[in-house]
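Convention: sequence-line order gives letters A, B, ...; per-chain numbering from 1.
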Protein chains: 2
Amino acid sequence: MTDLIDATDRAILRVVQTNATLSAGAVGRAVGLSQPAAWRRLRRLRDAGILRGRELSFDMEMLGFGVTVFLGIKLATKGRVSLEDFERVVAAIPEVRRVEHVLGRYDYRLRITARDLADFERVLRRRVMALPGVGEVEANVLLSEERLPGPL
Amino acid sequence: MTDLIDATDRAILRVVQTNATLSAGAVGRAVGLSQPAAWRRLRRLRDAGILRGRELSFDMEMLGFGVTVFLGIKLATKGRVSLEDFERVVAAIPEVRRVEHVLGRYDYRLRITARDLADFERVLRRRVMALPGVGEVEANVLLSEERLPGPL
DNA sequence: CTTGAAAAGAACTGCCT
DNA sequence: AGGCAGTTCTTTTCAAG
């Protein structure tokens, strides 16, 4: 897959990455392009699927969900429970905000949001431990996190 | 912390969560509110900091970064290297897209994006292993992931 | 909180270099 | 490909009920 993206496109991606609220005109000004030119490139990037839909992020703490825990899960009986089944039932737990299928010590990593530790214990015992095929489970409580621009 | 958020606000949050292309008019229609009413609530939520800025997500695979790895890191000499120093130098690695300070088996979890496994090996050996105070390191290669609406 | 309307701005279109 | 000028649409803001 040869690069369909040139240096100007990269500059645009770098801009919108840190400022998703920017209009085509503003993006153009930032990279030295006119409004229509920037708009055309943005549409091209979106149509190509490189730029995927926007996502809003909430302050979960302000909404009463002060506890975020990462669960590493190793399936006990691989083969007995299909990965698809496991993913479907795990995704049905309301407190699960993210399901990551990984390779390594664990088979899955879950990001879980709860109101407090007592609430998390309820989710862990009544929901997660009740999942089919769950073997080893390990928890990491989130203290703080930072998102970074990344390469490009 | 009493709830400054009522049921209508929750309905709005639920709507914009799955439809980040927020437009006051459309949100209002979805929750049975007029356009100005919905707009005022959205601004209130944003001013309160509950609704944080939009974020665009890229298809990193299309941009030539096909490998995502999670690194669990245990600091070896706690106290010798301050957490602030570690976080600062870790955030300076371009391939690090996320830094999570956690409690449990690891002290930090890093989300790393690389072009391929060879590129990831370079990052791991020349960048991560060279960090001050790094003890045990564990890697999980991402196969697939899914974001979910979460509670509310 | 509603409706209605006006002002501002962003999205999109042709045409031209 | 990029820029200019113009049109259309949505968002935003302000009336008044």
Tell me whether [X] is salt-bridged to [Y], with the criterion being a basic N under 4.0 Å from an acidic carboxylate O.
{"X": "B:Glu100", "Y": "B:Arg98", "value": "yes"}
{"X": "B:Glu121", "Y": "B:Arg125", "value": "yes"}
{"X": "A:Glu55", "Y": "B:Arg147", "value": "yes"}

(request) Return the residues of residues 29-40 of chain B meeting this criterion: a heavy atom under 4.0 Å from some atom of DNA chain D. Order them by number, or give none. (result) B:Gln35, B:Trp39

Starting from [atom2] on [N], measure out to [atom1] on [X] and report it in whole angstrom.
{"X": "B:Arg41", "N": "C:dC1", "atom1": "CZ", "atom2": "C1'", "value": "10 Å"}
{"X": "B:Asp47", "N": "D:dT12", "atom1": "CG", "atom2": "P", "value": "13 Å"}
{"X": "A:Arg46", "N": "C:dA10", "atom1": "CZ", "atom2": "P", "value": "15 Å"}
{"X": "B:Leu42", "N": "C:dC1", "atom1": "CG", "atom2": "P", "value": "13 Å"}

(message) So, does B:Arg43 get its side chain near the phosphate of D:dT11, meaning an N or O under 4.0 Å from OP1 or OP2?
(response) no

(request) Check whether any side-chain nitrogen or oxygen of B:Ser23 sits under 4.0 Å from OP1 or OP2 of D:dT10, and answer yes or no. (result)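 False: B:Ser23 side-chain N/O out of range (4.0 Å or more) of D:dT10 OP1/OP2.
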
(message) Around atom CZ of A:Arg29, are there more than 12 heavy atoms from other residues, nucleotides or ligands closer than 6.0 Å?
(response)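 It does not: A:Arg29 CZ has 12 such atoms or fewer within range.
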
(request) Answer yes or no: is there a side-chain heavy-atom contact under 4.5 Å between B:Pro94 and B:Arg127? (result) yes

(request) Keeping the roles fixed (side chain from B:Asp107, backbone from B:Leu75), state whether a donor-acceptor pair exists under 3.5 Å. (result)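 A pair under 3.5 Å: yes.
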
